[in-house]
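Numbers restart at 1 for each chain; the letters A, B, ... are given by sequence-line order, proteins then strands.
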Protein chains: 2
Amino acid sequence: MADTEYVNIWMRPERPARGPRPAYSRAQITEAAIRIADAEGLEAATMRRIAAEIGAGAMSLYRYVPSRDDLVELMADRLQGEIDLEGVPSGDWRADLTRYADGLRAMWLRHPWVATAHRSLPGFGPNQLRLIERVMAVLDPYVSIDESLSLLSILTGYVESAARGEVSQAEEVRRSGLTAAEWMARHSPHVRQLVESGEYPMFSKIVLEARQPHLNHDDQFRYGLERVLDCLAAALSAPGGPPDPRDETFVTRAGDETTDAPACPVCGAAVPETATGRPRKYCSRACRQRAYRTRQETGSPE
Amino acid sequence: MADTEYVNIWMRPERPARGPRPAYSRAQITEAAIRIADAEGLEAATMRRIAAEIGAGAMSLYRYVPSRDDLVELMADRLQGEIDLEGVPSGDWRADLTRYADGLRAMWLRHPWVATAHRSLPGFGPNQLRLIERVMAVLDPYVSIDESLSLLSILTGYVESAARGEVSQAEEVRRSGLTAAEWMARHSPHVRQLVESGEYPMFSKIVLEARQPHLNHDDQFRYGLERVLDCLAAALSAPGGPPDPRDETFVTRAGDETTDAPACPVCGAAVPETATGRPRKYCSRACRQRAYRTRQETGSPE
DNA sequence: CTCCATTGGGTACCGTGTAAGCAGTTATGG
DNA sequence: CCATAACTGCTTACACGGTACCCAATGGAG
């Protein structure tokens, strides 16, 4: 209930104006969490474990991050920052998008747990925003924004879907504690049984005839990627665009919350009552912080 | 420990040979769990909650299912069974795949929690196998198994990616307890701030100019789907068929397609062959027009 | 009939995220 | 200079999660 006024992790200030120097930082916590998740999976990155990693108490983390979900969001955005698109757009859209696709996939493979953390929603994190700037600029000279969004979502969809496939097998293997070969060996009886039943001819054909699944993942990926890029190339020159829409804009007026409780002067949300009955002016610690900073910056007495 | 010999849920027999009649069934439990997950999200489908739903004790479920993860797998496979592909393949591959895509997306929208449950790995469940049989048979007459796998993974990747986007917003809204309008209103200050900062021109352009994001999701989906199907169509009619995965250099060969075939001077894509065999310079009318416009603006003779 | 594998149910354990209150630490007002 | 407010990291405590283990009841096999 507390701190509900911040829509995002990104809207919430990291450091307060006064008081002792924080011993840690969001970046440090995020880094530790990523280290653990890389090694043992996202579910191993519990609050206690992360805190132990940096030598803090479990609850201390909540001084920096309002909840674990928010921490995961921080982690996800940090990951987006790993995709290096320096110099993009270069003028060669195909090369640029190949680089983007490779970078995105490589990031997924380095951090298999993104499959769990990823929300497919705009998180508005700084790294994601920077990435959007680069990638969206690639097709901008050729097509409309709407078309750019559509085409790039096809590309990103392909990359993430491919990466998800690679990653989930790796995760399965990791979780089972077996090697990849052992995993395959364990599953083969079932597969053989399915094939021998004769009920699944296409499945059997895949198992018996297909060479793709046994192929180098890199080549598999690259082949599909070329197909997708061919698709984009065709679309870049296609007549017309997406269907004509009409709708109101995303940026709407601020919410009109109606509550009878005293309103927080910073965010306007209802001020929660404390158990002690001590009157509060702000709805949360964070809002109080913000008010102080604002007062300091503006020199306002109140 | 005791049940390690079973690789899968599917390998484990549901009912023992002897003893009292079980009071419940896997199907019944799965159904109840799906009902709860549909209404309140996958995280609400706890063992205790599911058991309560069917009037059993929490631990009783473990007589039917070895773990919650396995139950989730049962649920996921049940969902695959909802995709009706009766009569597929019909001979019209494009219609078949459209039906598959629509069915897959509709299933996702009915059960938003698949985004969490889905593992992108072959689970070898009966419904998934049946689905594979139908879908893989669609392109089987035209291309190799390997090509079928590649192309269909592009399609499935697009559909799931699109559905994941729609669903995750819906889930976000559901979890926050707000209406979609309220959610947007809550986020708009941050968006506005980002736009007004001037640091993110492409993002701003999306917010201020794009109409797609506010478009009917169905239309958005269908537009991208047509693009993907166009891509498949191009691959199906590629000269000489798909590259042979056994060929170690098939990757570069796939890349060379654009240079081997005459390339469109505007977009760089391969110029498609016409049914009449009439030679073309540009890959489409739009590219020709674009080249014409450019020529006029720059005054270039060619 | 007896036997006993299997049933559904209950209790208990450990690990999770996190709310609330604690004793120190620091910046600020007087 | 001090008193104090605001903040720090930490500890305790709680509700809830999956599930290991034990139980009496049940009903088919012999």
Side-chain angles (χ1 to χ4, degrees), chain A residues 1-4 13-26 28-29 33 36 40-72 175 272-282 284-296 299 301-302, chain B residues 1-4 12-26 28-29 33 36 40-72 175:
Chain A
M1 180 53 83
D3 306 334
T4 328
E14 164 150 24
R15 283 198 48 189
R18 299 200 324 209
R21 279 269 174 77
Y24 316 106
S25 70
R26 274 187 191 165
Q28 183 184 359
I29 294 172
I36 296 172
E40 306 167 44
L42 186 61
E43 77 276 5
T46 66
M47 297 305 265
R48 294 172 225 261
R49 182 93 170 65
I50 298 167
E53 177 88 4
I54 62 174
M59 290 312 290
S60 303
L61 301 187
Y62 287 92
R63 296 286 162 194
Y64 301 88
V65 164
S67 76
R68 183 174 186 270
D69 282 351
D70 288 288
L71 176 55
V72 171
R175 240 187 327 185
E273 292 183 23
T274 63
T276 64
R278 186 168 55 98
R280 280 216 223 164
K281 180 167 184 184
Y282 302 100
S284 73
R285 184 182 300 131
C287 264
R288 206 163 46 207
Q289 287 172 12
R290 178 176 288 265
Y292 284 133
R293 248 209 330 285
T294 308
R295 228 175 302 159
Q296 285 217 309
E302 158 65 341
Chain B
M1 175 67 75
D3 306 318
T4 327
R12 168 191 295 256
E14 165 150 21
R15 286 196 44 190
R18 299 195 325 211
R21 279 271 170 79
Y24 316 107
S25 70
R26 274 187 191 167
Q28 183 185 358
I29 294 171
I36 296 171
E40 307 168 43
L42 187 59
E43 76 277 5
T46 67
M47 298 304 266
R48 296 172 224 257
R49 181 91 168 67
I50 298 167
E53 177 89 5
I54 62 174
M59 292 311 293
S60 303
L61 301 186
Y62 287 92
R63 298 286 162 195
Y64 301 87
V65 165
S67 76
R68 183 174 186 269
D69 283 350
D70 288 290
L71 175 55
V72 171
R175 240 189 324 186

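Shortest non-hydrogen contact noted between A45(A) and A33(A) is CB-O, 4.0 Å. Considering all non-hydrogen atoms of both residues, R48(B) and A58(B) come closest at CG-CB, 3.7 Å. Taking each heavy atom of E43(A) and E40(A) in turn, the nearest pair found is OE2-O, 3.8 Å.
Rounded to whole Å, atom P of dT8(D) lies 12 Å from atom CZ of R26(A). What separates OH of Y62(A) from C1' of dT8(D) is a distance of 17 Å, to the nearest Å. As rounded to whole Å, 10 Å separates atom P of dG17(C) from atom CG of L61(A). Atom CD of E43(A) and atom P of dG17(C) are 11 Å apart (whole Å). Atom CD1 of I36(B) is separated from atom P of dG17(D) by 11 Å (rounded to the nearest Å). We find that CZ of R68(A) is positioned 13 Å from C1' of dT18(C), with the value rounded to whole Å. We find that CG of D69(A) is positioned 16 Å from P of dT16(C), with the value rounded to whole Å.
Under the side-chain hydrogen bond (donor to acceptor under 3.5 Å, both in side chains) criterion, the residue pairs touching residues 52-63 of chain B are R35(B)-E53(B), with sequence neighbours excluded.
R12(B) places no side-chain N or O within 3.5 Å of a backbone atom of V65(B) that could act as its donor or acceptor partner.
For R63(B), the side-chain atoms get nearest to dT7(C) when compared with the rest of dG18(D), dG21(C), dT7(C). Nearest nucleotide to the side chain of S67(A), out of dG17(C), dT18(C), dC10(D): dT18(C). Ranking dT16(C), dC10(D), dG10(C) by closeness to the M59(B) side chain, first place goes to dG10(C).
Within residues 47-57 of chain A, the residues that have a heavy atom under 4.0 Å from DNA chain C are, in order of number, M47(A), R48(A).
Put simply, CG on L61(B) and CD1 on I29(B) are 5.0 Å apart, with the number rounded to the nearest 0.5 Å.
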